[in-house]
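Small disclaimer: the values here were computed from a predicted structure and weren't measured.
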Amino acid sequence: MAGEPQDDCLFCKIAGGRTPATVVRETETTVAFRDISPQAPIHVLVIPKVHHPDAASLAVAEPAILADVVREAGEVAAEEKLDSYRIVFNTGSGAGQTVFHAHAHVLGGRGMQWPPG
């Protein structure tokens, strides 16, 4: 059920402290941690502590928490001293989403190309 922790969700396990991660920030509603397969010199994931399969469903159900995720992405970038960075939300396997728990990628530390992908 959306909003409730899922036993088989890796990010729910990280948010609940049951699976280790290199946490860089944590708030009442979010956890930010380093990606284990970084695609840039700085690659941090920001997740809500509540379970929703993607950013769109999080926006519908709990828009304030989606705003927290985006705000924390900016805080991560500031703490990492990134002048330029990208915040990415992948939705669906065709877009590259591999963990179906809403999350933002904060990418920086190198030049980014456009269009992405």
Side-chain angles (χ1 to χ4, degrees):
M1 172 179 286
E4 297 296 321
Q6 305 293 303
D7 290 336
D8 61 345
C9 175
L10 173 62
F11 289 175
C12 285
K13 292 175 185 176
I14 290 171
R18 297 184 316 274
T19 296
T22 305
V23 174
V24 297
R25 286 185 62 81
E26 184 169 2
T27 70
E28 184 177 313
T29 59
T30 66
V31 179
F33 55 93
R34 300 213 182 271
D35 194 297
I36 62 169
S37 182
Q39 302 300 304
I42 305 296
H43 188 167
V44 174
L45 302 177
V46 182
I47 65 169
K49 290 183 176 179
V50 294
H51 182 87
H52 291 277
D54 53 52
S57 63
L58 178 60
V60 169
E62 304 191 60
I65 294 178
L66 178 59
D68 291 345
V69 169
V70 174
R71 182 176 43 257
E72 284 304 305
E75 292 294 330
V76 165
E79 285 184 359
E80 297 289 334
K81 299 186 180 6
L82 296 174
D83 293 326
S84 298
Y85 59 95
R86 185 171 284 166
I87 300 171
V88 176
F89 289 93
N90 297 324
T91 300
S93 58
Q97 186 178 7
T98 58
V99 178
F100 293 89
H101 181 117
H103 59 285
H105 297 258
V106 179
L107 300 152
R110 66 168 171 82
M112 301 285 167
Q113 301 299 313
W114 196 260

Among residues two or more places apart or on two chains, list those pairs meeting salt bridge (Lys or Arg N to Asp or Glu O under 4.0 Å) that have a residue in [range].
| range | answer |
| --- | --- |
| residues 90-108 | none |
| residues 99-111 | none |
| residues 45-55 | Glu26-Lys49 |

How about [X] and [Y]: do any of their side-chain heavy atoms sit closer than 4.5 Å?
| X | Y | result |
| --- | --- | --- |
| Leu82 | Ile42 | yes |
| Val46 | Val106 | yes |
| His105 | Ile87 | no |

For residues 33-42, pull every pair meeting side chain to side chain donor-acceptor pair (under 3.5 Å), keeping only residues two or more places apart or in separate chains.
Arg34-Glu80, Asp35-His43
Hey, could you give me each pair passing side chain to side chain donor-acceptor pair (under 3.5 Å) that has a residue in residues 83-101? Not counting sequence neighbours.
His51-His101
Give the minimum heavy-atom separation between [X] and [Y], together with the two atoms involved.
| X | Y | answer |
| --- | --- | --- |
| Glu79 | Val24 | OE1-O, 3.9 Å |
| Ala40 | Gly108 | CB-O, 3.5 Å |
| Lys13 | Asp7 | CE-O, 2.9 Å |
| Ala55 | Phe89 | CB-CD2, 3.4 Å |
| Ala32 | Val44 | CB-CG1, 4.0 Å |
| Ala15 | Val31 | CA-CG2, 4.2 Å |

For His52, enumerate each residue passing the ring pair (Phe, Tyr, Trp, His ring centres under 6.0 Å) test, keeping only those at least two apart in sequence or located in another chain.
none
Residues joined to Met112 in its hydrophobic cluster, side chain to side chain under 4.5 Å directly or through other members, sorted by chain and number, are Val88, Leu107
Under 4.5 Å side-chain heavy-atom separation, chaining through any Ile, Leu, Val, Met, Phe, Trp or Tyr, what else clusters with Val60? Say none if it is isolated.
none
Any residue meeting salt bridge (charged side-chain N to carboxylate O under 4.0 Å, His left out) with Asp68, in chain and number order, not counting sequence neighbours
Arg71
Which pairs pass ring pair (Phe, Tyr, Trp, His ring centres under 6.0 Å) with one or both residues in residues 12-34, sequence neighbours excluded?
Phe11-Phe33
Evaluate side chain to side chain contact (heavy atoms under 4.5 Å, CB included) for Arg25 paired with Thr30, printing each intermediate quantity in order.
CA-CA 8 Å; Arg25 286 185 62 81; Thr30 66; over 6 Å; no
Hphob cluster co-occupancy, Leu66 + Ile47, side-chain heavy atoms under 4.5 angstrom
no
Ala102 meets the side-chain contact (heavy atoms from CB on, under 4.5 Å) criterion, sequence neighbours left out, with Pro48, Leu58
